[in-house]
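This report concerns only the one structure given below.
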Number of protein chains: 2
Amino acid sequence: MDIKFDLNKSLFNRDPQETPLGKKIIENSILLIDKIGFEAFTFKKLAVIIGSAEKSIYRYFENKHMLLLFLTSWYWEWVHYLIDVNIRNLDDPKKKLKMAIINLVNATSENPMNKQINEKLLHQVVIKEGGKAYHIIEIDEENTAGLFQSYKILVKVVADIMAEVNPKFPYCTSLSSNLFEMANNQIYFAEHLPRLSSLKSGKNQNEDLIKMLYLFTSKILY
Amino acid sequence: MDIKFDLNKSLFNRDPQETPLGKKIIENSILLIDKIGFEAFTFKKLAVIIGSAEKSIYRYFENKHMLLLFLTSWYWEWVHYLIDVNIRNLDDPKKKLKMAIINLVNATSENPMNKQINEKLLHQVVIKEGGKAYHIIEIDEENTAGLFQSYKILVKVVADIMAEVNPKFPYCTSLSSNLFEMANNQIYFAEHLPRLSSLKSGKNQNEDLIKMLYLFTSKILY
DNA sequence: AAAATAAAATAGTATTACTGTAAAAATTAT
DNA sequence: ATAATTTTTACAGTAATACTATTTTATTTT
């Protein structure tokens with residue numbers, strides 16, 4: 001990848017961002033998970049596709065769950081980075097909030113910063129499979145090990161902007177985490193379970209979603 | 001079960017609500033999924049626990065995914081039933097909305113209507129594993145087959161109450177589905193990823209959650 | 001009492017999720 | 001440039017998973 005993030009070292013045995021094989025694993029795992037779904041995804045199948053050995057993938061990741069956690073963490077780092085860059089020049093907290101929402105919805109439409117990671121597809125993977133990274137029986141140990149840091153920090157960044165907007169509002173953290181969860185959920189619903197969303201799948205979907213999320217957030221906050 | 005719901009027939013090969021073995025499967029699958037998590041849960045393990053044969057469980061459910069879908073559907077039917085009963089005498093749409101929120105959070109604290117299904121545990125299972133029922137590669141086919149009806153109908157019931165409260169609000173469906181998703185998510189976060197929630201895990205958690213959800217919803221709607 | 005259906009017992013298969021070992025290739029250190 | 005080390009590949013192996021099949025036994029329906 002052209003852009004690297006410092007992810008928690010417990011996410012991997014060996015950092016895939018640092019070797020050609022590692023990059024191939026990341027690149028193709030996104031493609032394959034998107035194509036066949038996380039349940040059917042195996043290291044064997046991935047190894048065949050990249051012309052490598054199953055064992056070689058295990059040298060990078062303990063198992064497919066850790067790979068998914070790596071991918072989602074990388075994604076949240078990327079969104080975090082975009083938000084950071086784009087609110088840097090803004091002073092008005094309301095404008096910052098709006099910008100954060102735009103970025104978390106549109107993360108994928110930005111000019112891609114690297115060739116190895118297809119952010120559009122990665123976003124799709126996070127939408128479809130992201131929840132499986134933390135809905136696991138080992139949640140408490142993994143959380144203690146810091147494996148969800150990237151997401152937690154991002155949620156805090158946005159919660160802090162909300163607190164700037166309205167210092168008296170007592171539920172910034174929940175409002176922030178719900179913003180992220182809701183954004184991805186509503187995209188998924190619009191496409192696959194349309195009776196669960198007011199959004200219409202299609203051309204203006206992202207615009208509509210931004211509008212809706214900003215309306216919800218500002219109504220609650222202002 | 002003492003209370004039965006008419007669930008979509010494609011959810012099962014044979015309705016588990018109608019035989020003693022079926023009831024045992026339901027009862028113990030909730031216990032086992034809660035205990036070891038959905039990933040580690042297998043029909044083999046369940047068969048050993050209930051002293052039956054793996055094949056006998058397959059006579060009821062095509063696979064463990066269908067069983068999970070059955071459990072979550074049953075749960076949403078149960079919440080739907082509670083809401084229906086408790087808003088029956090109410091005229092004020094705002095009061096109906098409040099009651100719906102109370103019921104969707106407190107579904108488990110009601111006096112249990114049946115011995116076979118432990119609603120408290122079932123709620124825990126829905127919170128932890130429910131999303132896995134629809135984050136699957138087969139989503140579109142299964143949706144076409146009507147397997148998510150129970151949830152969709154429930155979301156519509158609450159969306160319709162919201163539309164009564166404010167007929168001009170254009171995002172009732174998304175607000176409703178987000179209400180359900182958020183409720184379960186925030187309970188999960190409060191317990192396992194506390195930095196993602198403003199709720200404190202503990203005694204008044206449900207009260208606090210109801211307060212927060214009602215505040216969010218009414219701020220957006222009124 | 002006979003026929004039909006359900007459940008249990010047992011066996012079997014392809015795939016999954018790994019672990020182990022040894023050889024070949026690539027990298028790094030001297 | 002050569003040796004030492006590490007990485008990757010190739011191959012083998014194991015226990016468990018996610019089923020399917022078959023036969024026997026038990027239960028229910030007619």
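Lettering follows sequence order; numbering is per chain, from 1. We use all heavy atoms of the structure for the numbers below, so side chains are in, but hydrogens, waters and symmetry mates are not. Quick caveat, the model's predicted, so the values are computed rather than measured.
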Next item on the list: Go through the steps to decide whether B:D15 and B:K9 satisfy the test salt bridge (Lys or Arg N to Asp or Glu O under 4.0 Å), and finish with yes or no.
Entry: CA-CA 8 Å; B:D15 192 342; B:K9 301 229 174 328; 6.0 Å; no
Check: What's the verdict on side-chain contact (heavy atoms from CB on, under 4.5 Å) for B:L122 and B:L71, showing C-alpha distance, side-chain angles and the deciding distance?
Finding: CA-CA 8 Å; B:L122 180 54; B:L71 293 178; 4.0 Å; yes
Could you state the [atom1]-[atom2] distance from [X] to [N], rounded to the nearest angstrom?
X	N	atom1	atom2	answer
A:R14	C:dT27	CZ	P	11 Å
B:I57	D:dT20	CD1	P	14 Å
B:F43	D:dC19	CZ	C1'	10 Å
B:I25	C:dA6	CD1	C1'	12 Å
A:E18	C:dA26	CD	P	20 Å
A:F61	D:dT8	CZ	P	13 Å
A:K64	C:dT16	NZ	P	9 Å
B:E39	C:dC18	CD	C1'	17 Å

Next item on the list: Mind jotting down which residue pairs meet the side chain to side chain donor-acceptor pair (under 3.5 Å) criterion with at least one end in residues 57-67 of chain B? Sequence neighbours excluded, please.
Entry: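 For residues 57-67 of chain B, and leaving out neighbouring residues, the side chain to side chain donor-acceptor pair (under 3.5 Å) pairs sorted by first residue read B:T19-B:Y60, B:H65-B:E142.
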Notebook entry, point to check: Is a salt bridge present between B:E39 and B:K132, judged by a nitrogen-to-oxygen distance below 4.0 Å?
Noted result: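 Looking at B:K132 together with B:E39, the answer is yes, because their closest N to O distance falls below 4.0 Å.
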Note to self: Regarding A:K24 and A:E27, does a basic nitrogen lie under 4.0 Å from an acidic carboxylate oxygen?
What the structure shows: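 No, this pair does not count.
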Next item on the list: Name every residue in residues 46-56 of chain A that has at least one heavy atom under 4.0 Å from any atom of DNA chain C, in order of residue number, or write none if there are no such residues.
Entry: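 DNA chain C contact set from residues 46-56 of chain A: A:E54, A:K55.
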Item checked: First encountered from the 5' end of DNA chain D, between A:L21 and B:E62 -> A:L21
Margin query: Of the listed nucleotides (D:dT8, C:dT16, C:dA6), which one gets closest to any side-chain atom of A:K45?
Written below: C:dT16
Checklist line | Closest non-hydrogen atom pair between B:N143 and A:P194, with its separation | finding: ND2-CD, 4.4 Å
Next item on the list: Inspect the surroundings of NZ in B:K156 and state if more than 12 heavy atoms from other residues, nucleotides or ligands are less than 6.0 Å away.
Entry: no
Check: Can you check whether A:Y60 has a side-chain N or O nearer than 4.0 Å to OP1 or OP2 of D:dT8?
Finding: yes
